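Everything numeric in this text was worked out from a predicted model, so none of it was measured. All ligand and atom numbering here is 1-based and tracks the order in the structure.
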Amino acid sequence: MPVSMTLRELYDRIREVLPEVDARYVLNKRAGVTAADLIVAPDSGVPEGAVGLVMRDLERFQTGEPLSRIYEERAFWGMDFVLSPATLDPRIDTEVLIEAVLQRFKDRSPLRILDLGTGSGCILVTLLSLFPQAYGVGVDLSPAALQIARSNAQRHGVDARAGFVCADWGGALEGLFDLVVSNPPYIESDVILDLDENVRKFDPILALDGGQDGLQAYKRIFSDLNRLLDEGGFCFLEIGFDQEEKLTRLIKESRFLLKSVHADSAGHPRVVEIFSAK
Ligand code: GLN
């Protein structure tokens, strides 16, 4: 096998572009090298093929593509999730939703969970792992996203308790749920062009665009929520950092009650917790 660089040389080359943790991640992905190999055998040769792949990855990274898109995976709640161009890249902010659910359901487990706009399935799969007695339904308009959500459910061993439905929000669903969750698209259409390149170019527009007022998806969710949320159930929705006031108004107009607003680590309102007055 032709060798063109030592491990150390390749690592140093990657370090010119990436911080330590990411550099080790890239080496592991493309050359199967661990942090221990790097210490024990820094002078061993790396096959030319692997070097070529790493160089191509660095070029992609330098033109603005996030590593999570290059390797099509992202950690969420400490679990590895597969991604595709059809899914949003899970954000750490969304872990606030998981924390909020855990707080609410610390004494009893939700048994029926509904995730509207499931994308990679990261929210539903995480919740099903945390609540081993629960069953869940993940809904998405994108069949390609649902394929990824299904494979993430399998990967984390919750697929026997998860069903995936291709549908436009909750309209086609029947049944009652104890817990409804969603990270819907909430960015105002006009703002999308101003987003960071790595969001605008690599996250699917379907997962971002909340219409002119950013509220279209919430309105769709609220139109079915009363029918789908069981008595005593709760709904947790991610919101944009500046949407608390708008959402509070919409929740009231839609005749739901706001239980709580949960902040992210930057102190921005990030998740609204809702229940129904029925
Ligand atoms: N949180 C994402 C962002 O800031 C948007 C995701 C969404 O619209 N749900 O880019």
Residue and atom name of the nearest protein heavy atom (relative to atom 8 (O) of ligand 1), distance in Å to one decimal: Y186 N, 3.1 Å
With the threshold set at under 4.0 angstrom, would you say A207 reaches ligand 1 through any of its heavy atoms? yes
Of the choices P184, P185, G214, S182, which has the non-hydrogen atom that lies closest to atom 9 (N) of ligand 1? P184
Distance under 6.0 Å and angle within 45° of ring axis: R74 vs F81: no
Note: G117 and W169 closest approach over all heavy atoms is N-CZ3, 3.9 Å
Looking only at protein heavy atoms, what sits closest to atom 10 (O) of ligand 1 is R91 NH2, 3.0 Å
Short N-O contact, E244 and R249, less than 4.0 angstrom: no
Taking only heavy atoms of L208, which atoms of ligand 1 are found under 4.0 Å from at least one of them? 5 (C), 8 (O)
Go through ligand 1 atom by atom and flag the ones less than 4.0 Å from a non-hydrogen atom of N183. 7 (C), 9 (N)
Could you grab the distance from atom OG of S120 to atom CG of N183, nearest 0.5 Å is fine? 9.5 Å
So, D12 and R15, do they make that salt bridge, N to O below 4.0 Å? no
